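Please read all numbers here as calculations on a predicted model, not as lab measurements. Along the sequence shown, residues are numbered consecutively beginning with 1.
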Amino acid sequence: MATVKLATLVIRTLAKPISAQIKNQAKQHETFRSICISLAQRMHVGEIKLRTNILGEPARQHVKPLSETRAIENGANALAEGFLFSVAALLIIGETWRSSRSQSKQRGDVNERIEELSTNVASLTERLERIQESLGDVESERARNNELARIVERVVEIGLRGGWAEFEDTPLKIPRVELAPTTSRVSP
């Protein structure tokens, strides 16, 4: 990031002497001079027409052309400023492109991470459902075991009361069994 900004600063700094050299070449080179003169004359005519339209001045039929030296200077300035503007615009476009590419890469990384997290969440959800299903089975087994324990406890309680009294009216005859010997039967 700092390297890019440093390069941008160097390019802008180098563009200024190049712009000054464009001005000098426009004054010295014949073809370049004619380009500057025609550019400056067109800019002058456009400026006069724009001024008359905006400010409401009376329209002129004939616009007086600039002198050759003034036209060369104005044209050279326009070319130099156009060069500086083009360099600045290209640097801004380049920085925007680099920034958007960087943001695109970050979005891609974020999307990858989101996809990975979604996969992890789906996996964890599946595991949680299996654990809950297992817990449901364990709970039903626990309820069944509690019921069986309650039944066994009741049977033992009834049996310990000594008589299996609750089963007397059933077709099954269960003998009475005493678990502890009584003191009256003890032999001397």
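- Nearest approach of Ala40 to Gly75, heavy atoms of both residues: CB-N, 3.6 Å.
- Put simply, CD on Gln103 and OG on Ser99 are 4.0 Å apart, with the number rounded to the nearest 0.5 Å.
- Ile131 belongs to a hydrophobic cluster with Leu135, counting contacts under 4.5 Å between side-chain heavy atoms of Ile, Leu, Val, Met, Phe, Trp and Tyr, direct or through other members.
- One finds a salt bridge joining Arg142 and Glu139 here, because a Lys/Arg side-chain nitrogen approaches an Asp/Glu carboxylate oxygen to under 4.0 Å.
- For Asn24, there are no side-chain hydrogen bond (donor to acceptor under 3.5 Å, both in side chains) partners, not counting sequence neighbours.
- Across Lys23 and Ala76, no two heavy atoms sit closer than the pair CG-O, 3.8 Å.
- Under 4.0 Å is where a charged nitrogen must lie from a carboxylate oxygen, and between Arg144 and Glu147 no such pair does.
- Of the candidates Lys49, Met43, Arg51, Glu47 forms a side chain to side chain contact (heavy atoms under 4.5 Å, CB included) with just one, namely Arg51.
- Here Glu68 contributes atom CD and Ser34 contributes atom OG; the two are 10.0 Å apart, rounded to the nearest 0.5 Å.
- For the pair Ser134 (side chain) and Arg130 (backbone), a donor-acceptor distance under 3.5 Å is present.
- With Ser104 contributing its side chain and Ser100 its backbone, the two residues share no donor-acceptor pair below 3.5 Å.
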Side-chain polar contacts of residues 106-119 - donor-acceptor pairs under 3.5 angstrom, sequence neighbours left out - could you list them?
from: Asn111; atom 1: ND2; to: Arg107; atom 2: O; distance (Å): 3.4
from: Arg113; atom 1: NH1; to: Glu116; atom 2: OE2; distance (Å): 2.8
from: Ser118; atom 1: OG; to: Ile114; atom 2: O; distance (Å): 2.9
from: Thr119; atom 1: OG1; to: Glu115; atom 2: O; distance (Å): 2.9

